[in-house]
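Residue numbers count from 1 along this sequence.
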Amino acid sequence: MRKTTLLLLVSLVMTAHWTMGQRRKKNNTPPEVSTVEAPPKLIVGIVVDQMRYDYLTRFWNHYGEGGFKRMATQGFNCKNNHFNYAPTSTGPGHASVYTGATPSSHGIIGNNWFDKQTDKDIYCASDENYETVGTNSEGGRMSPRNLLTTTLPDQLRLHTQMRGKTIAVALKDRGAVLPGGHTANAAYWFEGGNTGKWITSTYYMDKLPDWVTTFNASGTIKEYKKDWNTLKDIDLYVESGTDNNTYEGLFETESSPSFPHSTPNLLSKTEDFEIIKYTPYGNSLTTDFAIAALENEGLGIDDITDFLAISYSSTDYIGHKFGVNSKEIQDTYIRLDMDLERLLNTLDAKVGKGSYTLFLTADHGAINVPSYLKDVKIPAGYLDYGEIKEEFTKFVEYRFGTTDIIKSISNYQVFLDHKVISNLDMDLDDVQEEIAAELLRYDDMDKVFTGYQMWQNDYTHGIPYILQNGWHQKRSGDVLFVPKPAHISYGSTGSTHGSPMIYDTHVPLLFYGNGIKKGETVSRTEIPDIAPTIAIMLGVAYPNGTTGKPIVEVLD
């Protein structure tokens, strides 16, 4: 009996032990290991020159499903994206997108600016140490030497021990040179005039690759020398103003700015290729060349991430000529949408869906034509710089006894001669303040700040914040002035940009592809946030002047 009881107890213990072991085995099953998506094989950065945010919404119903809409609905849309500095122009815009910084750090304070060291005006991408590759002109004497910091493509090249490629493409030289940064394998831009070729600089190479030479000789460029009519029935373009008005510029020989545009130089196959830039065909040509670069440079074909930077420049040329409310602008964006769809389809086929990451933004916005705004009773106007200069010169001569204290007026800034001021035994900050007070008296001026204020204060919002981000201690001027809203120094036709006003700062920002969430935000984002967002997604170091921060909502 005792033996039977003992056997029963041993059996129960063993059964309990086996059951608990089975439970432990079941409960201790290793958790499912999540797989990390492979990094993108290619990053594609797209800058649309002079694209206001509302071009995305205003022409939405005319866009197809495969361009802007695909990026906005399948990617991430930052609806409240702004430049946080001025001047809002092409050189600083491209530099800021790719460096994650503002002109106060990267040093590109304008397309052109007065250089205080040489007392000469300089161009943001010019470099006489290099020669043109592709033609015998001066158009290729360019490099990124004026850019003081690294770019996102630079950091990617460093991260991959220079094995990842960077190719930059734009009609404008500065739209290719600055995004590519200091280490780009190549930057190409389009020389118009009577040449009509894609060129580069000896900074990058000594001769054009065979594929570029072949492209230049293929006849593709000449095919875009053709008349320009609307893609759709013009009566459907109800989102824009009238076709024939006094707010738009004219092509040569035209008596009105109306469609179709068929000037002799548009139709000529042998001269004036510059005119292609002023038609939507400039964007199509850029797409053609970018796709040729993608294919011939072998971008995105292996696991080492490459970079393709594309800037669409014709949108800016057309905006300057015809204005933001023109039928020409609407037609240009409808056609650009088709080019973007073509580019995305090529990326799908050549690199693979889910194997690339893309962002799209602009280098600045633009103002509506002030003469039109005035006609619809919105406060607007034009600065008469001749009159302002005459009155200002009289003041300087009377107050200081000489005009030698003024070196230059450039990019809405006054540059003073510090040596002359010192020799006159005057305090620089006092002179700055007196000149600022004088400029503020003028009817068309809205705000004026001094270099001393920029140096001493840390602004966090509003116009002074934007100006301070654009002010470089070594390169910028002594007095900064801001005209009234919708008041510009420009002709009476066409649109322009450059101010700290919201019509120049509000631009689109779309992210799409590998590592990007599907969604949108109306929280404020800023242009310098783009580079650190992509950098943290890739796991590479930020560009070394970065002041922006990652947009965490974007990242998957």
Side-chain angles (χ1 to χ4, degrees), residues 45 47 85 87 89-135 137-158 162 165-191 198-208 307 309 311 313 363 408 410-411 413 415 469-477 528 531 541-547:
V47 175
Y85 68 84
S89 51
T90 299
H94 283 79
S96 297
V97 167
Y98 285 91
T99 63
T102 61
S104 62
S105 298
H106 62 61
I108 304 299
I109 62 172
N111 291 337
N112 301 272
W113 65 85
F114 177 76
D115 181 49
K116 294 188 283 191
Q117 303 301 316
T118 62
D119 289 348
K120 294 179 180 178
D121 288 333
I122 63 172
Y123 176 59
C124 62
S126 64
D127 192 340
E128 295 181 357
N129 295 310
Y130 297 96
E131 302 296 333
T132 305
V133 177
T135 68
S137 73
E138 300 288 305
R141 305 191 73 181
M142 305 289 166
S143 87
R145 71 168 178 176
N146 291 317
L147 184 64
L148 301 178
T149 65
T150 60
T151 62
L152 177 62
D154 284 331
Q155 295 302 149
L156 183 57
R157 291 268 286 156
L158 290 169
M162 301 296 171
K165 273 190 176 181
T166 293
I167 306 293
V169 174
L171 294 181
K172 294 181 180 180
D173 48 47
R174 58 188 179 272
V177 171
L178 297 173
H182 302 276
T183 63
N185 298 86
Y188 299 104
W189 52 95
F190 184 69
E191 182 169 85
W198 290 92
I199 66 172
T200 188
S201 162
T202 52
Y203 178 85
Y204 306 100
M205 63 191 73
D206 294 326
K207 60 176 290 189
L208 290 176
F307 206 112
S311 179
S313 309
D363 56 350
S408 179
S410 169
N411 288 324
Q413 297 179 29
F415 291 78
N469 283 332
W471 189 80
H472 190 273
Q473 288 184 333
K474 285 191 173 182
R475 292 183 173 179
S476 294
Y542 291 176
N544 61 19
T546 297
T547 55

Could you state the interatomic distance from [atom1] ([X]) to [atom2] ([Y]), rounded to the nearest 0.5 Å?
X: S143; Y: D173; atom1: OG; atom2: CG; value: 11.0 Å
X: S476; Y: Q413; atom1: OG; atom2: CD; value: 4.5 Å
X: I109; Y: W471; atom1: CD1; atom2: CH2; value: 10.5 Å
X: F114; Y: S408; atom1: CZ; atom2: OG; value: 5.0 Å
X: N146; Y: Y123; atom1: CG; atom2: OH; value: 10.5 Å

### Stepwise side chain to side chain contact (heavy atoms under 4.5 Å, CB included) check, Y98 with L147
CA-CA 11 Å; Y98 285 91; L147 184 64; over 6 Å; no
### Message
My understanding is that only residues two or more places apart in sequence, or in another chain, count here; which of them pass side-chain hydrogen bond (donor to acceptor under 3.5 Å, both in side chains) with T183?
### Response
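Expected list: D154.
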### Task
For T132, check side-chain hydrogen bond (donor to acceptor under 3.5 Å, both in side chains) against everything at least two apart and list the hits.
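With sequence neighbours excluded, T132 shows a side-chain hydrogen bond (donor to acceptor under 3.5 Å, both in side chains) to no residue whatsoever.
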### Message
One pair to check against side chain to side chain contact (heavy atoms under 4.5 Å, CB included): K474 and L148. What are the steps and the verdict?
### Response
CA-CA 12 Å; K474 285 191 173 182; L148 301 178; over 6 Å; no
Can you tell if the side chain of [X] reaches within under 4.5 Å of the side chain of [Y], non-hydrogen atoms only?
X: W198; Y: V169; result: yes
X: V97; Y: D363; result: no
X: P92; Y: N111; result: yes
X: T151; Y: F307; result: no
X: I108; Y: H94; result: no
X: I199; Y: Y188; result: no

What pair of heavy atoms forms the shortest contact from [X] to [Y], and how long is it?
X: A176; Y: A168; answer: O-CB, 3.2 Å
X: P103; Y: H472; answer: O-CD2, 3.5 Å
X: S201; Y: G140; answer: CB-O, 3.0 Å
X: N185; Y: T166; answer: OD1-N, 2.8 Å
X: G181; Y: P144; answer: O-CG, 3.4 Å
X: R141; Y: Y130; answer: NE-O, 3.0 Å

### Query
Would you say W189's side chain and G139's backbone share a donor-acceptor pair under 3.5 angstrom?
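Yes, because the side chain of W189 sits within donor-acceptor range (under 3.5 Å) of the backbone of G139.
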### Task
Could you tell me whether the side chain of R475 and the main chain of G107 form a donor-acceptor pair under 3.5 Å?
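Indeed, once roles are kept as given, a pair shorter than 3.5 Å links the two residues.
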### Query
T149: what forms a side-chain contact (heavy atoms from CB on, under 4.5 Å) with it, not counting sequence neighbours?
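Counting only residues at least two positions away or on another chain, T149 forms a side-chain contact (heavy atoms from CB on, under 4.5 Å) with T99, H106, N544.
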#### Entry: Sequence neighbours excluded, every pair satisfying salt bridge (Lys or Arg N to Asp or Glu O under 4.0 Å) that has a member inside residues 120-130
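Residue pairs passing salt bridge (Lys or Arg N to Asp or Glu O under 4.0 Å), neighbours aside: D127-R145.
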#### Entry: Partner residues of Y204 under the ring pair (Phe, Tyr, Trp, His ring centres under 6.0 Å) criterion, sequence neighbours left out
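Here no residue qualifies.
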### W113/C124 under side chain to side chain contact (heavy atoms under 4.5 Å, CB included): CA gap, chis, key distance, verdict
CA-CA 8 Å; W113 65 85; C124 62; 3.7 Å; yes
### Message
For the residue pair T135 / S137, report whether a side-chain donor-acceptor contact shorter than 3.5 Å exists.
### Response
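Yes, side-chain donor-acceptor contact under 3.5 Å.
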#### Entry: Steps toward side chain to side chain contact (heavy atoms under 4.5 Å, CB included) verdict (V133, D206)
CA-CA 7 Å; V133 177; D206 294 326; 6.0 Å; no
### Task
Could I get the full list of salt bridge (charged side-chain N to carboxylate O under 4.0 Å, His left out) partners for D119, not counting sequence neighbours?
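Partners of D119 under the salt bridge (charged side-chain N to carboxylate O under 4.0 Å, His left out) test: K407.
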